[in-house]
Amino acid sequence: LTPKDLEGYTVLVTAGPTREYFDPVRFISNPSSGKMGYAVAEAARDRGARVILVSGPTALPAPWGVEVVHVERAEEMHAAVLERFPETDAVVMAAAVADWRPARTASEKTPKQEGKNVVELAPTPDILAELGRRKAPGQVLVGFAMETRAGRERARAKLERKNLDLIALNFPTRAGSAFGGDHNEVELLFPDGRVEATGRVRKRAVAERVLDHVRELLIAKEA
Ligand code: C5P
């Protein structure tokens, strides 16, 4: 039986990719399946939390007992998350938010043309960095990082820049990790320099480990 050790807490989880449209039928995105974030949402629900799942487009069914908010673009995710942030105790940002969007979105489908076409990109709002600026003393913020090189240093820089309590570093180039599958292998990095490796385990097990720390952090902040 799962202990209801997150009862009384509201946990907001983001999951999946975002889609950044350059015309009504074409977009830039990434291969995120949403499985990691959905696993966190389901684990938090099973541990008694009230869960809000802000999800980009995925093939996954909406989990029972979870408030699901469907979004497509980074800017929609930004608005949905910021609106609900004041009522949350912890946020786990597992979504693979696009870092750029097309600078302009055509209102009609762009006709095919000969030769090159150039799409100018503009940065999307960094949702997690915004949460880091708004974080109240009792709130816990968890990020994910996906790096193809210099993972530790880059993840640690994000942990600090975005004012996070914990960041989970993914290794997208390792066999059997991250995108699409049911397993993952992450390193958990903390502000005090600690690093914890999960080894290759089911995404649900990664989720439970992350939530163990979320619970500890929430209790520490209450004291
Ligand atoms: O900076 P980078 O995108 O690598 O950071 C990854 C973390 O930041 C993830 O937790 C992701 O959900 C979050 N993020 C965000 N808004 C963005 C880009 C990333 O919240 N525009």
Side-chain angles (χ1 to χ4, degrees), residues 1-7 9-18 29-70 77 88-97 128 140-148 151-152 154-156 158-159 164-190 194-219:
L1 201 73
T2 318
K4 302 285 183 208
D5 61 357
L6 290 174
E7 199 141 36
Y9 293 116
T10 297
V11 178
L12 189 153
V13 183
T14 67
T18 64
S29 192
N30 63 68
S32 170
S33 66
K35 285 182 178 177
M36 189 61 245
Y38 276 58
V40 174
E42 289 170 355
R45 171 203 65 199
D46 291 346
R47 290 167 73 153
R50 171 183 167 232
V51 181
I52 305 165
L53 173 62
V54 179
S55 178
T58 75
L60 303 171
W64 61 266
V66 166
E67 183 195 332
V68 186
V69 182
H70 291 284
M77 186 173 280
T88 67
D89 298 294
V91 176
V92 180
M93 279 285 313
V97 186
L128 198 48
V140 169
L141 280 187
V142 179
F144 275 73
M146 167 145 320
E147 301 294 343
T148 54
R152 283 257 185 106
R154 288 182 179 180
R156 187 156 293 290
K158 283 173 199 181
L159 179 77
L164 310 180
D165 299 283
L166 163 60
I167 195 161
L169 171 61
N170 282 292
F171 301 93
T173 51
R174 283 191 195 166
S177 287
F179 282 139
D182 289 318
H183 292 77
N184 202 1
E185 178 179 358
V186 307
E187 284 183 359
L188 304 178
L189 280 67
F190 298 86
R194 253 183 316 142
V195 180
E196 254 182 45
T198 60
R200 187 171 177 276
V201 292
R202 296 189 70 80
K203 284 182 176 172
R204 175 67 185 234
V206 173
E208 299 287 0
R209 273 286 275 280
V210 167
L211 291 173
D212 289 346
H213 287 292
V214 165
R215 179 172 180 276
E216 262 179 40
L217 287 159
L218 283 168
I219 290 168

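Positions are given from 1 along the sequence.
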Partners of Glu187 by salt bridge (Lys or Arg N to Asp or Glu O under 4.0 Å), sequence neighbours excluded? Arg152
Look only at the side chain of Thr58 and the backbone of Gly34, and say whether a donor-acceptor pair between them is shorter than 3.5 Å. no
Verdict with reasoning, Glu208 to Lys203, per salt bridge (Lys or Arg N to Asp or Glu O under 4.0 Å): CA-CA 9 Å; Glu208 299 287 0; Lys203 284 182 176 172; over 6 Å; no
Determine whether Asn184 and Val201 make a side-chain contact, defined as any pair of heavy atoms from C-beta on separated by less than 4.5 Å. no
Return the minimal non-hydrogen interatomic distance between Asp46 and Trp64, and the atom names on each side. OD1-CZ2, 3.9 Å
Quick one: pull up CG in Leu128 and CZ in Phe144 and give me the separation to the nearest 0.5 Å. 11.0 Å
Electrostatic pair Glu147:Lys158 at N-O distance under 4.0 angstrom: yes
Minimum heavy-atom distance between Ala96 and Asn30, given as atom pair plus value: O-ND2, 3.0 Å
What one should report as the nearest heavy-atom pair of Asp89 and Leu218 is O-CD2, 3.5 Å
Could you tell me which non-hydrogen atom of Val40 sits nearest to which non-hydrogen atom of Leu211, and how far apart they are? O-CD1, 3.8 Å
If every non-hydrogen atom of Leu53 is compared with every non-hydrogen atom of Ala15, which pair is closest and at what distance? CD1-CB, 4.0 Å
Determine whether Leu169 and Glu185 satisfy the following criterion, side chain to side chain contact (heavy atoms under 4.5 Å, CB included), listing intermediate values before the conclusion. CA-CA 8 Å; Leu169 171 61; Glu185 178 179 358; over 6 Å; no
Dump the intermediate steps for side chain to side chain contact (heavy atoms under 4.5 Å, CB included) on Met36 and Val206, then the final yes or no. CA-CA 8 Å; Met36 189 61 245; Val206 173; 3.7 Å; yes
How far does CG of Leu188 sit from NE2 of His213, to the nearest 0.5 angstrom? 5.5 Å
Is it the case that the side chains of Ser55 and Tyr38 hold a donor-acceptor pair, with the cut-off being a distance below 3.5 Å and no angle test? yes
Quick one: does Thr198's side chain have a donor or acceptor within less than 3.5 Å of a partner on Val186's backbone? yes
If you take all heavy atoms of Ala49 and Val11, which pair is closest and at what distance? CB-CG2, 3.9 Å
Return the CG to CZ distance between Asp5 and Arg47, rounded to the nearest 0.5 Å. 4.0 Å
Can you measure from CG (Leu166) to CZ (Arg194) and round to the nearest 0.5 angstrom? 9.0 Å
So CZ of Arg50 and CD of Glu7: to nearest 0.5 Å the spacing works out to 14.0 Å
Mark yes or no for whether Thr14, through its side chain, and Ala94, through its backbone, hold a donor-acceptor pair below 3.5 Å. yes
Reported NE2-to-NZ distance for the pair His183 and Lys35, which is rounded to 0.5 angstrom: 10.5 Å
What residue among Val92, Leu164, Val91 forms side-chain contact (heavy atoms from CB on, under 4.5 Å) with Val142? Val92
